[in-house]
Amino acid sequence: MFTWFKHRAIDRELTQILDEHQRVRGDAAMIRDFLLRVLADNRDGVEKFSDEALEEAAAIIDQVGPGAFYWMTDIAAQMVTLSEATLRGFSTNVSVELGAKATEDSIVEMVVILP
């Protein structure tokens, strides 16, 4: 009987781990999609800091917490590092992988690796 409880506890723990992973993955995808939206808005000349965009950002931060802000800042820092390397003539994994066909969206897709 103890073995049955042990297996149930392990099953419950594994389910919790998998559920948490799915939640984190969903949060990461939400942040990536918001970054892609900002790029599209910039490309399309949409008003910056619109009420709709700010509401979406606030909803993300409410759901994900300060980690969302930190992660978005980390992504921006990575992109600055990529830009600096390119300006100095160094190749990066992004420039090697994407080459001249790189777009803003493809760079975000490559840099923002979902857990």
Test of understanding: clusters of I, L, V, M, F, W, Y form through side-chain heavy atoms closer than 4.5 Å, transitively. Do [X] and [Y] belong to the same one?
X: W71; Y: M79; value: yes
X: I31; Y: L36; value: yes
X: L82; Y: L39; value: yes
X: M72; Y: M110; value: yes
X: I75; Y: V108; value: yes

Q) Between D105 and R43, is there a side-chain N and carboxylate O pair less than 4.0 Å apart? A) yes
Measure the spacing between [atom1] of [X] and [atom2] of [Y] and express it to the nearest 0.5 Å.
X: Q22; Y: I17; atom1: CD; atom2: CD1; value: 13.5 Å
X: R25; Y: E20; atom1: CZ; atom2: CD; value: 14.0 Å
X: Q78; Y: I107; atom1: CD; atom2: CD1; value: 12.5 Å

Q) Looking only at atom types and distance, does a side-chain atom of S106 sit under 3.5 Å from a main-chain N or O of A102, one as donor and one as acceptor? A) no
Q. Under 3.5 Å, is there a donor-acceptor pair between the side chain of S95 and the main chain of S91?
A. no
Q: Kindly state each residue pair satisfying salt bridge (Lys or Arg N to Asp or Glu O under 4.0 Å) with at least one member in residues 55-71, sequence neighbours excluded.
A: R37-E56
Q. Is M30 close to V64 at the side-chain level, that is, under 4.5 Å between some pair of heavy atoms?
A. yes
Q) Is the closest side-chain heavy-atom distance between E97 and T92 below 4.5 Å? A) no
Q: Give the minimum heavy-atom separation between F34 and A57, together with the two atoms involved.
A: CZ-CB, 3.8 Å
